[in-house]
Amino acid sequence: PDVVPFETPKPEKLVARILDIATDEGDLVLDIYGGSGTTASVALQKKRKFILTERQTDTFKEFLLPRVERQCLIENIALDNNVKLFCGNL
């Protein structure tokens, strides 16, 4: 949307470069600050597995979940079979 959720969002190109250098296809990526879902989005594009955590339920619902769902559609990935999402405070 038009809302910028964070003051210092990570650019996708930067995350992609980091994943290219540090991981291979199929590797597991951990991001304990899931935020807007940039790492998840890039991990899906790069065919990496990922684990993200997000402390704020609102951030999970408003930013992270919709972004992962959109990227799954773009990458033609079945959300129910390949990506498992859980928010403990729902």
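Note that this is a predicted model, so its numbers are computed, not measured.
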> So, are Arg67 and Glu54 salt-bridged, with charged N and O less than 4.0 Å apart?
Replying inline: no

> What residues form a salt bridge (charged side-chain N to carboxylate O under 4.0 Å, His left out) with Arg48, not counting sequence neighbours?
Replying inline: none

> What distance separates Leu44 CG from Ile74 CD1, expressed to the nearest 0.5 Å?
Replying inline: 10.0 Å

> Can you find a pair of side-chain heavy atoms, one from Thr38 and one from Pro9, that are under 4.5 Å apart?
Replying inline: no

> What residues form a salt bridge (charged side-chain N to carboxylate O under 4.0 Å, His left out) with Lys49, not counting sequence neighbours?
Replying inline: none

> Does Ile21 share a hydrophobic cluster with Val15, counting links as ILVMFWY side-chain heavy atoms below 4.5 Å and allowing steps through other members?
Replying inline: no

>> Any heavy-atom pair between the side chains of Thr23 and Lys47 that's under 4.5 Å?
In response: no

>> Walk me through whether Arg70 and Ser41 qualify under side-chain hydrogen bond (donor to acceptor under 3.5 Å, both in side chains).
In response: CA-CA 9 Å; Arg70 278 192 310 273; Ser41 179; over 6 Å; no

> Atom NZ of Lys13 and atom CG of Asp20: how far apart are they, to the nearest 0.5 Å?
Replying inline: 13.0 Å

> Shortest non-hydrogen contact from Leu52 to Gly37?
Replying inline: CD2-CA, 4.5 Å

> Is the closest basic N to carboxylate O distance between Lys46 and Asp24 below 4.0 Å?
Replying inline: no

> Between Ile51 and Val29, does a side-chain contact (heavy atoms from CB on, under 4.5 Å) hold up when you go through it step by step?
Replying inline: CA-CA 6 Å; Ile51 296 173; Val29 176; over 6 Å; no

> Would Val42 and Phe50 satisfy side-chain contact (heavy atoms from CB on, under 4.5 Å), going step by step from the backbone distance to the final call?
Replying inline: CA-CA 10 Å; Val42 174; Phe50 61 90; over 6 Å; no

> Which heavy atom in Gly35 sits nearest to a heavy atom in Phe63, and how many Å separate them?
Replying inline: O-CB, 4.3 Å

> If Ile, Leu, Val, Met, Phe, Trp and Tyr residues are connected whenever their side-chain heavy atoms lie under 4.5 Å apart, and connections chain through other members, are Tyr33 and Leu28 in the same group?
Replying inline: yes

> Taking Lys61 as the fixed residue, which of Thr59, Leu64, Thr57 is the one that meets the side chain to side chain contact (heavy atoms under 4.5 Å, CB included) rule?
Replying inline: Thr57

